[in-house]
Number of protein chains: 2
Amino acid sequence: MNYKKVDFNDIEYLISVCGSDRVFYGENINEDYSHDELGGVKRMPEAVVQVLSTEEVSKIMKYAYENNIPVTPRGSGTGLVGASVPIYGGIMIDLSNMNRILELDEENLTLTVEPGVLLMEIAKFVEEHDLFYPPDPGEKTATIGGNINTNAGGMRAVKYGVTRDYVRGLEVVLPNGEVIQVGGKVVKNSSGYSIKDLIVGSEGTLGIVTKAILRLLPLPKKAVSLLIPFKDLESAIETVPKIIKSKSIPTAIEFMQRAAIVAAEEYLGKKFPDNSSDAYLLLTFDGNSREEIEAAYERVAHICLEEGALDVYISDTQERQEAIWSARGAFLEAIKATTTEMDECDVVVPRNKVAEFVKFTHELEDKFNIRIRSFGHAGDGNLHIYVLRDDLDEETWHKKLNDVMKCMYDRARELSGQVSGEHGIGFAKKPYLKESLNEEYINLMRGIKMAFDPKNILNPGKVCQ
Amino acid sequence: MNYKKVDFNDIEYLISVCGSDRVFYGENINEDYSHDELGGVKRMPEAVVQVLSTEEVSKIMKYAYENNIPVTPRGSGTGLVGASVPIYGGIMIDLSNMNRILELDEENLTLTVEPGVLLMEIAKFVEEHDLFYPPDPGEKTATIGGNINTNAGGMRAVKYGVTRDYVRGLEVVLPNGEVIQVGGKVVKNSSGYSIKDLIVGSEGTLGIVTKAILRLLPLPKKAVSLLIPFKDLESAIETVPKIIKSKSIPTAIEFMQRAAIVAAEEYLGKKFPDNSSDAYLLLTFDGNSREEIEAAYERVAHICLEEGALDVYISDTQERQEAIWSARGAFLEAIKATTTEMDECDVVVPRNKVAEFVKFTHELEDKFNIRIRSFGHAGDGNLHIYVLRDDLDEETWHKKLNDVMKCMYDRARELSGQVSGEHGIGFAKKPYLKESLNEEYINLMRGIKMAFDPKNILNPGKVCQ
């Protein structure tokens, strides 16, 4: 790519738009801007601008477009696949300070937010109004803008679906700096191609989201969690398709192994209700009455016991549920703390193939003599599998990592799975996406990218490039 | 457009692919293929092929692409905006005989179907397995392929969302004849741009859907409908945002006026439970227990009575509910039977603007001295408004129709609405879409169309062209 380097004139322009306090260049750029949560992909931007308005984003994009400077948008940098790493340098637009909640519309059940609002802030705000924003990725310090760009789904996808299902409208700055509105507060829309749904999950490569209108639901009045120990992971996971088939719909079905629980206990300095078994299912049921929830979970508890569950722990107080779910939420950080470096695989397979896939990762652990930890969303088929470096030297680590990853993505494909359930493709997963989709599909994506960004200046080198 | 005319060689090729029984040309083409349900847009195709397999569709597209012949796909022709009318002639691919239900997967809760399966067939099939396909457009003889292409939502969008939310995967034949798979049985997917969501709602202009994997839910065990008379339409519709704000979520909230009910009674030869009031709300609540449903509808009934409802009729038997909903389902046909010709407007506005919009259509009725009938989805803001020709002469009709339509689409835009909630743009609504979206948006759509169909042979002249 032949991009213009950022020079003093460019910095002067950025300062003329945002003032000198919010423009950083050279040695004043914080090193954090060079990587995301996993850090496997690194590159410093040439300039960072902490924007505060759509108008600023538009002006910067227009300037970058005219001057052929690459631009990378960034939220709070909690991604895992390098989507927010400026691999061609250029300007980084940090949207994390565009973090105002703009409007709660209780007649249309929508919340309008800027992209930098954190997931935990949205959850708290709407709960105070007896409302509910269902998508619930583990990483609560992610921004909503980042979530929209990966279409993350989180824990509650079994019952409620993913981020896409809760985005009603967006304001988007296009690569040429023009601003468009897609969707709106309307519940239905069949007015031309759904550019909204194309932007959702496009990882900042088609446009920069500067405002989002989210769909809310009434807050369910009650929730109960069930922690269910099994003698081993296979029997735990193999129970899940039977739960689905029974026509009960839990809000969440997570699986976890003893190793992840122990790591989380150490990381948080808190005890989990039980860690004596090898494997667990963690289920949540929500609804508006105790009777309704009880009817659902009693049937499911019965199925689990029939399938060999060792016990069923019911958590119906807020404290006990928080204890369990905070451990679940800390798995990624906890596993990371046990090793020197790690990489992840976020495949999604049909729900009845999860057990087979997890069993396969255990075989890889033995075959390649490398530590692999997994947990994830048994109820929606989305696995989070971490390959740990521990004390491997650089060369062995990369060799083993590549071999293990290739085996896993190949197997996912054989099981009719997809490369990513919710973390996206970014930079790190591009080779696997190319192997997973046929050439026609990749060409269509490139054609779409060209329609949005003919000069290829917005987050270049990502997803399909 | 400079397309090749279909000649004898082309017909020979089509016969070589499908046999002579399923290829029609010249005077053997049924006149029905020249128009859709409303018939305002007309043009005969030069050839019709009744396909039976993906392979046939692929071969025909490849041939048409190489020979520069336009192709228009068609389901059962129940559209209202001319999307399936072959406005440049060429080949029509009739998919209505690709109508097999291919697989029910109870472990993944998916149903795999060919595009020609009718909505009513899907509903019946899954109910027999105690399962539920929520999208419920009024026109039950529409094909699922057509529904996917308009992203129709129907009655139950208030609680369950629209067709897009229930499409997990598609098989698509591209304009060049290549076949791609998008999505799959997976619940989550963040693996590149969502071409699935771009195909949904693209009205047969980007690819031909030859297979669909649909998401199912467990069948709710009980449903209760409430028919609620009001003294006038405004007080009926103005109650809806209050229902939404109360945090009860009915499955459906429809509004209807006496004139539509009387027309349906005459059309069906059946009495509606009550037709003495000027306006009605019709609500449904579903769930798994009587208690759960009662708690929800009692609160809503109370709100309605507070807001001036004259009564609340509760229908909790299957027969009574079917009587009411079959009348609702017959509104379009019934209104059509009262006039010589009609055209429709399918705008969607934020839910708290429905009353204002309907009131505006009443003012237009007086101002232009023309009959306008409306009914629709008060709960999701999607209106179905019919302008009736009655005994107007050709010139007056077109003049008045254009004026009234322009007023309605302008008003919808002022209220932050969109041109179409579920019927699509097709051919008839293109001018209104162009006025509604800014130029950048239209350009993006054209760029996307170009990425899929650089020779512009698939359903040309529709949506954004």
Side-chain angles (χ1 to χ4, degrees), chain A residues 106-109 130 150-151 153 157 161-162 165 174 178 180 184-195 197-198 201-202 218 241 244-245 247 249 289 291-292 348 350-352 380-382 416-425 433 437-438 440-441 444-445 447-448 451-452 463-464, chain B residues 106-109 130 150-151 153 157 162 165 174 178 180 184-195 197-198 201-202 218 241 244-245 247 249 289 291-292 348-352 380-382 416-425 433 437-438 440-441 444-445 447-448 451-452 463-464:
Chain A
E106 298 201 58
E107 287 187 338
N108 288 301
L109 291 189
D130 209 20
T150 54
N151 187 30
V162 297
D165 304 314
L174 297 173
E178 294 290 329
I180 61 169
K185 285 186 180 176
V186 295
V187 174
K188 288 174 171 171
N189 195 1
S190 297
S191 310
Y193 306 153
S194 185
I195 290 179
D197 286 289
L198 201 51
S202 66
I244 302 291
K245 204 173 167 180
K247 292 160 187 159
I249 304 249
S289 74
E291 296 71 34
E292 180 191 341
V348 58
R351 300 191 251 219
N352 57 351
D380 60 38
N382 181 203
S416 303
Q418 300 281 342
V419 175
S420 170
E422 58 182 359
H423 296 165
I425 301 304
L433 187 71
L437 301 174
N438 70 11
E440 279 301 321
Y441 198 113
L444 288 177
M445 290 202 286
I448 291 166
F452 279 76
V463 186
C464 56
Chain B
E106 298 201 58
E107 287 187 338
N108 287 300
L109 292 189
D130 208 20
T150 55
N151 186 30
V162 298
D165 304 314
L174 297 174
E178 295 289 330
I180 61 168
K185 285 186 181 177
V186 294
V187 173
K188 287 175 172 170
N189 195 1
S190 297
S191 311
Y193 306 153
S194 185
I195 290 179
D197 286 288
L198 200 51
S202 65
I244 303 292
K245 205 173 165 178
K247 293 161 187 158
I249 303 251
S289 75
E291 296 71 33
E292 179 191 341
V348 59
V349 295
R351 301 190 250 219
N352 58 351
D380 60 38
N382 181 205
S416 302
Q418 300 281 343
V419 174
S420 170
E422 59 182 358
H423 295 165
I425 302 303
L433 187 71
L437 300 175
N438 71 11
E440 279 300 321
Y441 199 113
L444 288 177
M445 290 201 288
I448 291 166
F452 279 76
V463 186
C464 55

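Chain letters run A, B, ... following the sequence lines, proteins first, then strands; residues in each count from 1.
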When the 4.5 angstrom heavy-atom criterion is applied to Val349(B) and chain A, the contacting part is backbone
Separation between CG (Asn382(A)) and CG (Asn189(B)), nearest 0.5 Å, reads 10.0 Å
When the 4.5 angstrom heavy-atom criterion is applied to Val463(A) and chain B, the contacting part is side chain
Bottom line for Glu422(B): the part with an atom under 4.5 Å from chain A's heavy atoms is both
* Heavy-atom donor-acceptor pair, Asn352(B) side chain to Glu107(A) backbone, under 3.5 Å -> no
Honestly, the part of Val419(B) sitting under 4.5 Å from a heavy atom of chain A is both
Determine, step by step, whether Asn108(B) and Ile244(A) satisfy the side-chain contact (heavy atoms from CB on, under 4.5 Å) criterion, reporting the C-alpha distance in whole Å, the side-chain angles of both residues, the deciding distance to 0.1 Å, and the verdict.
CA-CA 7 Å; Asn108(B) 287 300; Ile244(A) 302 291; over 6 Å; no
Honestly, the part of Ile425(B) sitting under 4.5 Å from a heavy atom of chain A is both
Honestly, the part of Ser289(B) sitting under 4.5 Å from a heavy atom of chain A is neither
Margin query: When you measure from the side chain of Ser190(B) to the backbone of His423(A), do you find a donor-acceptor pair of N or O atoms at a distance under 3.5 Å?
Written below: no
Q.
Quick check: do Ser191(B) and Leu433(A) have side-chain heavy atoms less than 4.5 Å from each other?
A. yes
Cut-off 4.5 Å, heavy atoms of chain A, and the answer for Ile249(B) is side chain
Separation between OH (Tyr441(A)) and CG (Leu174(B)), nearest 0.5 Å, reads 10.5 Å
Bottom line for Asn438(A): the part with an atom under 4.5 Å from chain B's heavy atoms is side chain
- [ ] Step by step, work out the side-chain contact (heavy atoms from CB on, under 4.5 Å) result for Ile195(B) and Leu198(A).
- [x] CA-CA 7 Å; Ile195(B) 290 179; Leu198(A) 201 51; 5.7 Å; no
Nearest heavy-atom approach of Leu444(A) to Ala451(B) is CD2-O, 3.7 Å
> Salt bridge or not for Lys245(B) and Glu106(A), using N-O below 4.0 Å?
Replying inline: no
